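Chain letters run A, B, ... following the sequence lines, proteins first, then strands; residues in each count from 1. What you see is a predicted model, and the numbers here were worked out from it, not measured in a lab.
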Number of protein chains: 4
Amino acid sequence: MSRGNTRQRIQDVALELFAERGYEKTSLREIAEHLGVTKAALYYHFKTKEDLVTSLFEDLVLGPADEVITWAEAHQPTSLETKLEILNRYSECISNAFPLVRFMHENQAALRELSIGELMKQRILTLLELIKDQDAALSDQVRCASALFTMHSTFFTLQGTDADQEEKRKAALEVAQDLVTAAHHGAGSPSGT
Amino acid sequence: MSRGNTRQRIQDVALELFAERGYEKTSLREIAEHLGVTKAALYYHFKTKEDLVTSLFEDLVLGPADEVITWAEAHQPTSLETKLEILNRYSECISNAFPLVRFMHENQAALRELSIGELMKQRILTLLELIKDQDAALSDQVRCASALFTMHSTFFTLQGTDADQEEKRKAALEVAQDLVTAAHHGAGSPSGT
Amino acid sequence: MSRGNTRQRIQDVALELFAERGYEKTSLREIAEHLGVTKAALYYHFKTKEDLVTSLFEDLVLGPADEVITWAEAHQPTSLETKLEILNRYSECISNAFPLVRFMHENQAALRELSIGELMKQRILTLLELIKDQDAALSDQVRCASALFTMHSTFFTLQGTDADQEEKRKAALEVAQDLVTAAHHGAGSPSGT
Amino acid sequence: MSRGNTRQRIQDVALELFAERGYEKTSLREIAEHLGVTKAALYYHFKTKEDLVTSLFEDLVLGPADEVITWAEAHQPTSLETKLEILNRYSECISNAFPLVRFMHENQAALRELSIGELMKQRILTLLELIKDQDAALSDQVRCASALFTMHSTFFTLQGTDADQEEKRKAALEVAQDLVTAAHHGAGSPSGT
DNA sequence: GATGAATGAGGCTTCATTCAT
DNA sequence: CATGAATGAAGCCTCATTCAT
């Protein structure tokens with residue numbers, strides 16, 4: 001019945017529970033029980049609890065995000081079109097790893113103590129740097145940060161809605177792109193004048 | 001030096017530590033040690049750990065938010081101007097209780113298991129209902145949710161900046177108001193056409 | 001029934017079990033069960049298992065040994081008579097803390113990983129330096145080390161004997177003093193010629 | 001590269017780690033990792049952890065010690081010269097198995113729970129019986145025990161020294177023989193008179 | 001000869017909480 | 001108002017060991 005897929009099954013259940021109940025509240029005992037295995041079995045596949053959560057990010061989101069960053073850095077200086085394409089590509093990463101992104105969004109405090117949290121934060125800050133202008137008005141900087149956050153949070157913000165995953169992705173992407181477009185044109189400063 | 005203000009001091013330290021290290025990672029022992037008191041002393045002032053965190057929300061954010069909601073519900077049906085004023089008032093609540101909002105934002109998973117978390121979520125959803133149109137395009141619904149999230153997260157998003165608290169508040173408010181304005185005018189649907 | 005003496009009772013039982021079954025083999029569960037308390041109660045009185053064993057050495061042997069060292073260092077350069085008096089005083093320390101010394105002797109490997117082990121080792125090496133001549137023949141250095149070891153191990157070496165504690169102490173002291181006397185007179189080098 | 005010598009390699013690594021970190025603190029995982037094998041591989045060669053440590057004593061020290069005992073028992077009643085020759089022969093056993101003797105000396109508490117520990121203890125007590133007089137003065141019994149302990153511990157007592165193994169062996173042997181000689185002549189009793 | 005996968009027992013430690021004083 | 005002492009539950013993790021392949 002169980003071949004070489006136990007590692008995968010552990011990751012699946014862990015992701016589900018982490019997203020559902022939070023990182024700290026999810027114990028390895030719970031994960032093991034959901035799987036019908038012993039706690040010790042988890043330790044055969046993952047060195048620590050942190051190692052387990054780290055593997056989720058590495059397998060689902062870190063690689064894809066790095067691809068976006070690599071692509072973006074090859075297209076500098078960053079035109080508006082490039083920025084919009086960054087958002088587009090990033091929205092696809094996120095959409096594919098949606099429960100993990102939800103987990104990341106809702107457990108920032110817990111992730112801060114994990115080394116993978118630091119790595120993810122760096123990726124997001126790097127994306128932010130690529131999207132915003134260093135010396136833009138404050139409100140335009142907010143627009144760019146907000147664009148990223150919007151994509152991170154939309155999938156579960158729109159939980160009640162009957163829209164499907166792809167519709168949500170497009171809606172979030174549209175809003176994010178509008179925000180970045182406005183920031184790019186310096187919507188912030190003229191309104192201040 | 002310290003008279004009957006112990007309760008206050010506990011809240012201050014608790015808020016600081018909760019915001020810094022997260023709800024689950026902050027133990028009552030830590031809080032007590034930071035205060036130079038015994039754990040048991042905390043229990044004289046607060047029935048449980050949950051009671052302590054609840055008191056923070058009640059004292060700092062729940063009341064003010066309810067005032068905004070009460071005001072908003074008295075001004076229905078909601079015109080664009082009303083919506084913008086809701087955002088304005090809410091941004092002031094948030095600005096005053098800034099570390100608690102950060103805590104809320106970064107500990108959503110933990111708060112989900114606490115009854116105060118449910119209460120706060122209701123408030124935010126109520127505000128969202130007042131701001132968005134029930135049958136707006138999906139992207140416009142995202143805009144309104146994003147407006148709220150943007151205000152929640154801006155204060156620590158802009159951590160590195162040298163802007164002061166009030167400047168940040170205004171920048172976040174501007175972005176939020178733009179988003180809601182766009183949503184109000186149905187920016188979403190035409191772009192779909 | 002139990003007033004402020006719980007800490008003491010924990011130490012007593014811990015010493016007994018540590019000496020009986022070794023440091024690593026003695027679990028805090030066992031100690032707690034022997035006392036009719038919870039494991040958590042131990043942690044109220046001692047921060048860790050290492051802290052518990054450390055307290056034993058500090059309370060029973062470290063202080064007295066330091067007194068011997070202090071006395072010895074005040075009587076430098078060290079005449080033979082002084083050396084013999086060092087042995088005499090040290091034998092009394094040891095005799096009073098006899099089960100702990102047995103524990104130390106039989107758990108050197110375990111103690112090497114504990115910081116108190118390092119401290120105790122330093123004390124013994126210091127005593128050794130005071131007793132032996134830096135440039136004595138190899139066999140005389142062995143004599144001095146042996147003198148110390150002999151006192152450490154005699155109490156349980158002579159376990160079967162019906163002699164009482166004080167007789168054993170005197171016998172060990174006599175042998176140790178003979179060894180140091182021989183070393184002092186350079187018994188080693190002439191026999192080599 | 002490695003043919004049928006895996007068993008030997010396991011023993012080598014095990015001895016090294018046991019001596020370094022102690023019996024309890026050394027896990028089979030560690031041993032396996034140092035060898036670049038799986039834990040399960042160890043179980044192909046040794047039935048249990050105890051079996052592994054037992055094999056070390058059997059191969060390195062038990063046989064040679066038994067030879068000494070056999071020789072000694074054939075030379076009863078034991079003259080002083082015989083006693084000195086026992087020490088001489090035993091010192092050679094020990095010198096050859098030096099890390100294992102260090103291990104034995106520093107892990108007495110752990111060995112007490114192992115059947116091989118009991119066996120080794122018996123050998124040493126047997127040697128002690130052969131060396132000392134049943135009804136000697138207490139101090140002379142201490143001398144004989146001390147002679148044995150001295151040889152056990154000298155190799156690592158003299159760790160800092162630049163003397164080579166054989167010089168250390170001779171120094172320890174000299175001290176041990178002096179002690180036994182003194183005991184044989186009843187140095188203890190006249191001093192009591 | 002050796003591995004991959006798993007187990008059951010048990011280790012140390014921390015936590016929120018209680019209660020007599 | 002607050003402490004000292006303690007508890008019960010649970011946490012993460014490691015260990016020696018087994019067994020099918």
Enquirer: Can you list the residues that meet the ring-ring contact (aromatic ring centres under 6.0 Å, His included) rule with His45(A), with sequence neighbours excluded?
Expert: none
Enquirer: Who passes salt bridge (Lys or Arg N to Asp or Glu O under 4.0 Å) against Asp66(D), sequence neighbours left out?
Expert: Arg123(D)
Enquirer: Tell me, for nucleotides 14-21 of chain F in 5' to 3' order, what letter each nucleotide earns: B for a base near a protein heavy atom under 4.0 Å, S for only sugar-phosphate near one, - for neither?
Expert: BSBBBB--
Enquirer: I need the CG-P distance between Leu114(A) and dC12(F), as an integer number of Å.
Expert: 12 Å
Enquirer: Tell me the interatomic distance from Leu42(D), atom CG, to dT3(E), atom P, rounded to whole angstroms.
Expert: 9 Å
Enquirer: Does Gln8(D) use its side chain to pair, donor to acceptor, with the backbone of Asn5(D) at less than 3.5 Å?
Expert: no
Enquirer: What's the CZ-P distance between Phe46(B) and dA2(F), to the nearest Å?
Expert: 12 Å
Enquirer: For Thr6(C) and dA6(F), is the shortest distance between a side-chain N/O and OP1 or OP2 below 4.0 Å?
Expert: yes
Enquirer: What side-chain donor-acceptor pairs closer than 3.5 Å can you find for residues 47-58 of chain B, not counting sequence neighbours?
Expert:
{"unit_1": "Thr48(B)", "atom_1": "OG1", "unit_2": "Glu50(B)", "atom_2": "N", "d": "3.3"}
{"unit_1": "Thr48(B)", "atom_1": "OG1", "unit_2": "Asp51(B)", "atom_2": "N", "d": "2.9"}
{"unit_1": "Lys49(B)", "atom_1": "NZ", "unit_2": "Tyr23(B)", "atom_2": "O", "d": "2.9"}
{"unit_1": "Lys49(B)", "atom_1": "NZ", "unit_2": "Thr26(B)", "atom_2": "O", "d": "2.9"}
{"unit_1": "Glu50(B)", "atom_1": "OE2", "unit_2": "Ser115(B)", "atom_2": "N", "d": "3.0"}
{"unit_1": "Glu50(B)", "atom_1": "OE2", "unit_2": "Ser115(B)", "atom_2": "OG", "d": "3.3"}
{"unit_1": "Asp51(B)", "atom_1": "OD2", "unit_2": "Lys47(B)", "atom_2": "N", "d": "3.2"}
{"unit_1": "Thr54(B)", "atom_1": "OG1", "unit_2": "Glu50(B)", "atom_2": "O", "d": "2.7"}
{"unit_1": "Ser55(B)", "atom_1": "OG", "unit_2": "Gln11(B)", "atom_2": "NE2", "d": "2.8"}
{"unit_1": "Ser55(B)", "atom_1": "OG", "unit_2": "Leu52(B)", "atom_2": "O", "d": "2.8"}

Enquirer: Pairs counted as Watson-Crick or G-U wobble with both distances under 3.5 Å: what dot-bracket string results for DNA chain E, using | for bases tied to another strand?
Expert: .||||||||||||||||||||
Enquirer: Scan the side chains in residues 31-43 of chain A for donor-acceptor partners under 3.5 Å anywhere in the protein, sequence neighbours excluded, and list what turns up.
Expert:
none

Enquirer: Send over the distance from Glu113(A) CD to dC12(F) P, rounded to a whole Å.
Expert: 15 Å
Enquirer: Distance check: side-chain N/O of Tyr44(C) vs OP1/OP2 of dA5(F), anything under 4.0 Å?
Expert: yes
Enquirer: Using salt bridge (Lys or Arg N to Asp or Glu O under 4.0 Å) as the criterion, list what pairs up with Asp12(D), not counting sequence neighbours.
Expert: none
Enquirer: For Arg21(A), enumerate each residue passing the salt bridge (Lys or Arg N to Asp or Glu O under 4.0 Å) test, keeping only those at least two apart in sequence or located in another chain.
Expert: Glu30(A), Glu113(B)
Enquirer: Which whole-number value in Å describes the distance from Ile10(A) CD1 to dA6(E) C1'?
Expert: 11 Å
Enquirer: Partners of Phe98(A) by ring-ring contact (aromatic ring centres under 6.0 Å, His included), sequence neighbours excluded?
Expert: Phe155(A)
Enquirer: Would you name the heavy atoms of Pro99(D) and Ala19(D) that are closest together and state the gap between them?
Expert: O-CB, 4.0 Å
Enquirer: Under 4.0 Å between a side-chain N/O of His45(B) and OP1 or OP2 of dA2(F), yes or no?
Expert: yes
Enquirer: Atom CZ of Arg7(B) and atom C1' of dA2(F): how far apart are they, to the nearest Å?
Expert: 17 Å
